[in-house]
Number of protein chains: 2
Amino acid sequence: MRTVPTESTDNYLKAVFEITAVQERAGTNEIARRLKVSAASVTGMLKKLASATPAPITYEKHRGAELTAEGQRRAIEVIRHHRLIESYLHAALDYGWEEVHEEAEKLEHFISEDLEDRMAAKLGFPEYDPHGHPIPRRDGSIPPCIDFPLRQAAVGATVRVSRVSDDDAASLRAIRQLGIDLHSLLEVLEQRTESGEAILRRADGVRIEVPREIASRLRVSVAVAERRTEGNSGRDRTDLVEGERRPLESSGVSQ
Amino acid sequence: MRTVPTESTDNYLKAVFEITAVQERAGTNEIARRLKVSAASVTGMLKKLASATPAPITYEKHRGAELTAEGQRRAIEVIRHHRLIESYLHAALDYGWEEVHEEAEKLEHFISEDLEDRMAAKLGFPEYDPHGHPIPRRDGSIPPCIDFPLRQAAVGATVRVSRVSDDDAASLRAIRQLGIDLHSLLEVLEQRTESGEAILRRADGVRIEVPREIASRLRVSVAVAERRTEGNSGRDRTDLVEGERRPLESSGVSQ
DNA sequence: TTCGCAATTTAGGCGCACCTAAATATCAGT
DNA sequence: ACTGATATTTAGGTGCGCCTAAATTGCGAA
């Protein structure tokens with residue numbers, strides 16, 4: 001008998017998914033921090049999930065949790081919901097960049113697969129959401145995303161903004177304020193490793209200073225500098241080399 | 001301190017609202033039947049709601065419940081959500097007549113006022129949903145709806161379908177099957193009061209027999225017989241006399 | 001190796017929304 | 001006014017998802 005996903009269990013699965021995209025296993029404390037619940041609550045929930053059938057996670061005392069194939073399936077489904085809702089709100093209902101996350105966070109647990117499909121169809125089955133995150137496909141595969149944190153960009157390189165963390169509206173506004181948008185071209189003038197600040201030059205020549213809290217929210221790809229396509233008005237990410245379809249654990253679907 | 005509405009409490013308020021649109025007070029059993037929960041559960045919930053602050057209902061033992069102004073406000077808000085969602089799914093996402101209810105029933109509890117506003121704006125602030133139900137306005141007032149059950153229509157009269165109950169997909173399909181649509185013109189040939197059957201003639205001249213279960217799901221208004229506007233392709237309900245803005249308790253927002 | 005701290009689990013409890021079974025209240029009909 | 005049927009409430013209990021406080025475990029530094 002299939003256990004019915006709830007808003008709460010979905011959120012645990014998402015948290016484990018995101019944490020294990022970076023680390024080996026998802027620890028109790030880390031999950032608690034993300035979900036803003038007590039560590040004790042997390043222990044209880046992990047035990048329950050791990051002994052459900054089919055179990056979405058595996059769990060060993062003091063060693064944290066990992067997703068099973070089943071849990072991964074559901075986590076990706078929820079992420080697909082989230083990113084399609086964000087895309088739809090942005091494209092069809094004039095929501096701003098920084099407004100979509102909150103609404104999506106709530107609705108992702110309640111829309112039907114049918115509604116999801118219809119939204120995707122209206123949008124022409126987009127592969128990336130308004131923040132540049134890949135939208136998992138119905139079959140669970142994830143569009144390619146070859147990028148890295150701005151902080152790791154080499155000084156002197158020109159990079160293109162490929163992803164922006166969507167979970168904090170204030171940061172998104174700050175990024176906008178700096179004149180940075182998805183797909184913006186940026187030249188790295190300096191990386192202040194101690195402060196975490198990055199000094200950049202925008203396409204319009206203006207020099208900007210990006211504080212650590214902001215820099216850590218940006219991911220970029222190497223810009224293969226086409227002089228022709230100045231205004232980046234083309235289709236999404238034509239500048240990216242199409243990567244092979246990578247297995248889930250390395251595909252970097254961070255939040 | 002304001003009590004936070006949940007899916008469950010919203011559903012209780014809607015049930016009380018709908019029942020008290022017809023009767024004096026909403027009884028425990030009737031609520032239980034609608035919500036498919038036990039009568040004991042209803043008693044418990046009514047007690048809790050009545051002693052919350054601000055209380056959305058008043059409750060007296062053995063005498064059922066009634067909405068307070070506060071409860072009415074919330075009930076109408078939820079109904080507005082429901083009908084706007086239905087309208088939006090129908091108009092923007094190609095949902096069929098009989099498909100919208102279920103999705104709306106779930107989502108009505110979770111969409112923000114902001115999303116609701118944006119959907120309404122995209123649709124041009126519609127006043128009636130795809131089944132002809134009036135969509136409450138943001139201020140709580142309800143568009144006019146002067147109609148009556150098909151079963152009460154006089155033999156020989158020609159009526160126009162103004163509302164169709166939306167809560168059962170099978171019935172909606174059956175209605176479609178009979179060639180009846182919102183705003184269809186129908187001549188009443190016979191009312192079989194014992195069986196509840198209505199015998200009608202459609203605008204195309206075809207005679208149809210409408211069984212009680214279906215007839216009781218249709219509300220109609222007197223057709224002021226304009227021969228010119230054959231295909232009823234005009235704007236919504238231009239045939240209806242605009243009624244005065246009626247107070248809530250008499251406005252007939254049945255489900 | 002052992003000490004101490006940080007991470008984690010256990011124990012005990014809470015409110016919500018539901019349940020069944022048993023008691024009680026109301027009401028219609030004689 | 002009584003009585004039986006029906007409506008409703010009370011009593012006692014469940015699972016979920018959360019909490020705090022008090023153990024415990026594991027691990028790195030001395």
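What you are looking at is a predicted structure, and each value in this text was computed from that prediction instead of being measured.
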Check: Rounded to the nearest Å, what distance is computed from the CD atom of residue B:E30 to the P atom of nucleotide D:dT6?
Finding: 17 Å
Notebook entry, point to check: Taking only residues two or more places apart in sequence, or in another chain, which ones meet A:R212 in a side chain to side chain contact (heavy atoms under 4.5 Å, CB included)?
Noted result: A:R151
Item checked: Distance, rounded to the nearest Å, where A:E60 contributes CD and D:dG26 contributes P -> 12 Å
Margin query: Enumerate the salt bridge (Lys or Arg N to Asp or Glu O under 4.0 Å) contacts for residues 84-95 of chain B, please, sequence neighbours excluded, ordered by first and then second residue.
Written below: A:K122-B:D94
Checklist line | Pairing residues for B:E30 by the side chain to side chain contact (heavy atoms under 4.5 Å, CB included) criterion, not counting sequence neighbours | finding: B:I19, B:R33, B:R34
Notebook entry, point to check: In whole Å, what is the span from the CG atom of B:N29 to the P atom of D:dT8?
Noted result: 5 Å
Item checked: For B:H82, all residues meeting ring-ring contact (aromatic ring centres under 6.0 Å, His included), sequence neighbours excluded -> B:H101
Note to self: Taking only side-chain N and O atoms of B:Y59, does any of them lie within less than 4.0 angstrom of OP1 or OP2 on D:dT8?
What the structure shows: no
Margin query: Quick one about A:E103 and B:S112 (side-chain donor to acceptor, distance below 3.5 Å, no hydrogens or angles considered), yes or no?
Written below: yes
Margin query: Students should find this one: the first and last nucleotides of DNA chain C, 5' to 3', lying under 4.0 Å from a heavy atom of chain B. What are they?
Written below: C:dC16 to C:dT26
Notebook entry, point to check: Are A:T6 and D:dG17 close enough that a side-chain N or O sits under 4.0 Å from OP1 or OP2?
Noted result: yes
Notebook entry, point to check: What pairs with A:F148 under ring-ring contact (aromatic ring centres under 6.0 Å, His included), at least two apart in sequence or on another chain?
Noted result: none
Item checked: Distance, rounded to the nearest Å, where A:L35 contributes CG and D:dC18 contributes P -> 8 Å
Check: Does the A:H90 side chain pair with the main chain of A:Y95, one donor and one acceptor, at a distance under 3.5 Å?
Finding: yes
Checklist line | Residues that A:E77 engages under side chain to side chain contact (heavy atoms under 4.5 Å, CB included), provided they are two or more places apart | finding: A:R73, A:R74, A:H81, A:E113
Check: NZ of A:K61 versus P of D:dA23: gap in Å, rounded?
Finding: 17 Å
Note to self: In this structure, how many angstroms lie between the P atom of D:dC27 and the NE2 atom of A:H62, rounded?
What the structure shows: 10 Å
Check: Contacts to DNA chain C from residues 37-45 of chain B, heavy-atom cutoff under 4.0 Å, which residues?
Finding: B:V37, B:S38, B:A40, B:S41, B:M45
Would you be so kind as to tabulate the donor-acceptor pairs closer than 3.5 Å made by side chains of residues 55-62 of chain B, with sequence neighbours excluded?
{"from": "B:E60", "atom 1": "OE2", "to": "B:R63", "atom 2": "NH1", "distance (Å)": "3.1"}

